[in-house]
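On a predicted model such as this, the values are computed, not experimentally measured, just so you know. Per chain, numbering begins at 1; letters A, B, ... match sequence-line order. Because only heavy atoms are used, hydrogens play no part in the values below, and waters and symmetry mates are left out as well, while side chains stay in.
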Amino acid sequence: MPELPEVETIRRGLSKRIVGKKIVGTDIRVPKNFIGDKNLVIGHEVKEIVRRAKVVAIKLDNSLNLLFHLKMTGQLIYRQESSNIDNQLSGKSKIKSDSFAGGHPDHNWHAELPNSTTAIIFTFNDGTKLYFNDLRKFGWCKVLNDQELQKIFDEEYGLEPFDDKFNAEYLMLRASKIPNRNIKQFLTDQTIVAGIGNIYVDESLFDAKIVPTRRVKDIQKSEWIKIIESVKKILELGIQFGGTTDSDYVNADGEKGGMQNHLKVYRKAGLPCPDECGGKIERISIGGRGTHFCRNCQK
DNA sequence: CTATCTGTTCTGAC
DNA sequence: TGTCAGAACAGATA
């Protein structure tokens with residue numbers, strides 16, 4: 001589930017909390033979710049958290065990195081206290097212990113940890129813990145050195161949406177090589193633009209008033225410019241709201257995450273067009289993915 | 001109960 | 001090379 005805004009939210013949340021801390025323990029509960037030697041990271045300090053596309057990396061002081069991909073159902077949850085659900089739920093105004101959760105939204109954010117989906121637990125020198133949960137076990141955490149990390153960042157992903165080089169000329173060049181591809185699959189191709197997934201692509205195309213089925217060869221330059229504007233606008237909105245999360249989600253500052261309250265078309269099939277064009281939100285399948293749009297005002 | 005759906009990405013068949 | 005179904009897995013939903 002996590003797309004760029006969710007992963008960026010995780011990056012920011014973790015940056016505030018674990019930079020400068022030393023990893024003193026790694027508990028691998030689901031081996032298939034962890035690739036590498038867990039002992040190599042023990043005793044090392046977190047220097048920085050970086051994001052690229054939908055992956056986030058914890059950089060350590062020994063030139064090693066923990067790279068995470070949350071896929072559909074991964075979560076990263078930081079807890080200052082081992083597990084004390086009463087403490088978290090009792091305080092009406094303020095949550096005493098610091099905690100932070102990001103990723104797949106379900107109702108486990110402030111439940112007791114570890115739980116049945118917990119794959120990996122990192123323990124820091126101050127006793128705080130970072131839990132990697134993953135219900136469907138598609139996600140992974142890899143131990144990589146700086147060169148390996150850079151190689152992945154360079155070779156597996158296209159431009160970041162907020163890169164200045166992400167412009168109409170770039171997209172038209174890439175589109176010219178696959179002219180018959182529809183715009184939805186084009187924008188969710190991670191080797192073209194990094195970080196856009198099924199939710200944000202539907203929302204961005206609605207904002208740009210382009211039908212998801214449009215072939216990229218039929219898109220005019222002015223429309224590419226509009227698409228870029230919309231993608232950036234929608235992603236920024238997502239980051240601003242802390243990603244699309246469960247309504248129960250409360251971060252350490254007591255704020256509710258909530259991009260889901262601002263979605264206009266995603267999972268809104270049958271409802272009237274939010275732009276009041278008189279049309280109705282339709283749901284079709286593109287590349288096996290649920291696709292939501294208004295046939296009346298998206299052209 | 002069964003059948004179908006799900007926010008990601010990779011692989012193999014044609 | 002492009003396209004598509006199916007795979008990995010564990011639910012929720014109808």
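Taking the C1' atoms as reference points, B:dG7 lies 23 Å from C:dT3, given to the whole Å. Nucleotides B:dC10 and C:dG11 have their P atoms positioned 25 Å apart, rounded to a whole Å. The same atom, C1', is picked in C:dT1 and in B:dT8; the two are 23 Å apart, to the nearest Å. The separation of B:dC1 from C:dA8, taken at their P atoms, amounts to 24 Å, rounded to a whole angstrom.
Under the 4.5 Å side-chain criterion, counting only non-hydrogen atoms from C-beta, A:I10 is in contact with A:L70. Within the 4.5 Å cutoff, the side chain of A:K209 has heavy atoms near those of the A:F206 side chain. Using a 4.5 Å heavy-atom cutoff, the side chains of A:L4 and A:R51 are in contact.
Atom pair A:I192:CD1 and C:dG2:P shows a separation of 10 Å (rounding to whole Å applied). Atom CG of A:N198 is separated from atom P of B:dG7 by 5 Å (rounded to the nearest Å). Protein atom CG of A:N133 is 15 Å distant from nucleotide atom C1' of C:dG11, rounded to whole Å. In this structure, A:I286 atom CD1 and B:dC5 atom C1' are separated by 17 Å, rounded to whole Å. As rounded to whole Å, 12 Å separates atom P of B:dT8 from atom OH of A:Y157. Between the C1' atom of B:dG7 and the CG atom of A:L4 lies a distance of 14 Å, rounded to the nearest Å. Rounded to a whole Å, the CZ atom of A:R136 is 11 Å from the C1' atom of C:dA12. Taking atom CZ of residue A:F138 and atom P of nucleotide C:dG11, one finds them 12 Å apart after rounding to whole Å.
Both A:G288 and A:H69 sit near DNA chain B, but only A:G288 has its closest nucleotide nearer the 5' end.
Of the candidates C:dC9, B:dG7, B:dC10, the closest approach to any side-chain atom of A:R267 belongs to B:dG7. Side-chain proximity of A:L135 to C:dG11, C:dC9, B:dG7: nearest is C:dG11.
The backbone N or O of A:S15 lies less than 3.5 Å from no partner atom in the side chain of A:R11, so there is not a single donor-acceptor pair. Within the 3.5 Å criterion, the main-chain N or O of A:H44 finds no donor-acceptor partner in the side chain of A:D61.
Non-hydrogen atoms lying under 4.0 Å from DNA chain C are contributed by nothing in residues 201-220 of chain A. Annotation: proximity of residues 174-191 of chain A to DNA chain C (heavy atom, distance under 4.0 Å) is found for A:K177, A:I178, A:R181, numbered in ascending order.
Geometrically, A:K221 does not engage A:W224 in a cation-pi contact defined by less than 6.0 Å to the ring centre and at most 45° from the axis.
One finds no salt bridge joining A:E48 and A:K59 here, because no Lys/Arg side-chain nitrogen approaches an Asp/Glu carboxylate oxygen to under 4.0 Å. Of the charged side-chain nitrogens involved, at least one lies within less than 4.0 Å of a carboxylate oxygen, so that A:E223 and A:R214 count as a salt-bridged pair.
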*Could you go step by step and tell me if A:Y131 and A:R79 meet the side-chain contact (heavy atoms from CB on, under 4.5 Å) rule?*
CA-CA 8 Å; A:Y131 297 86; A:R79 285 287 171 84; 4.0 Å; yes
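When only modelled atom types and interatomic distance are considered, A:K184 and A:N198 share a side-chain donor-acceptor pair under 3.5 Å.
Using cut-offs of 30° and 60° for the angle between ring planes, the A:H292 and A:Y266 rings count as perpendicular.
The phosphate of B:dG7 has neither OP1 nor OP2 within less than 4.0 Å of any side-chain N or O from A:K71. Phosphate contact (OP1/OP2 of B:dT8, side-chain N/O of A:K54, threshold under 4.0 Å): present.
With a 3.5 Å limit on both pairing distances and Watson-Crick or G-U wobble geometry required, the stems of 3 or more pairs in DNA chain C span B:2-6 with C:10-14, B:8-14 with C:2-8.
Note that the CG atom of A:D275 and the SG atom of A:C297 stand 5.5 Å from one another [nearest 0.5 Å].
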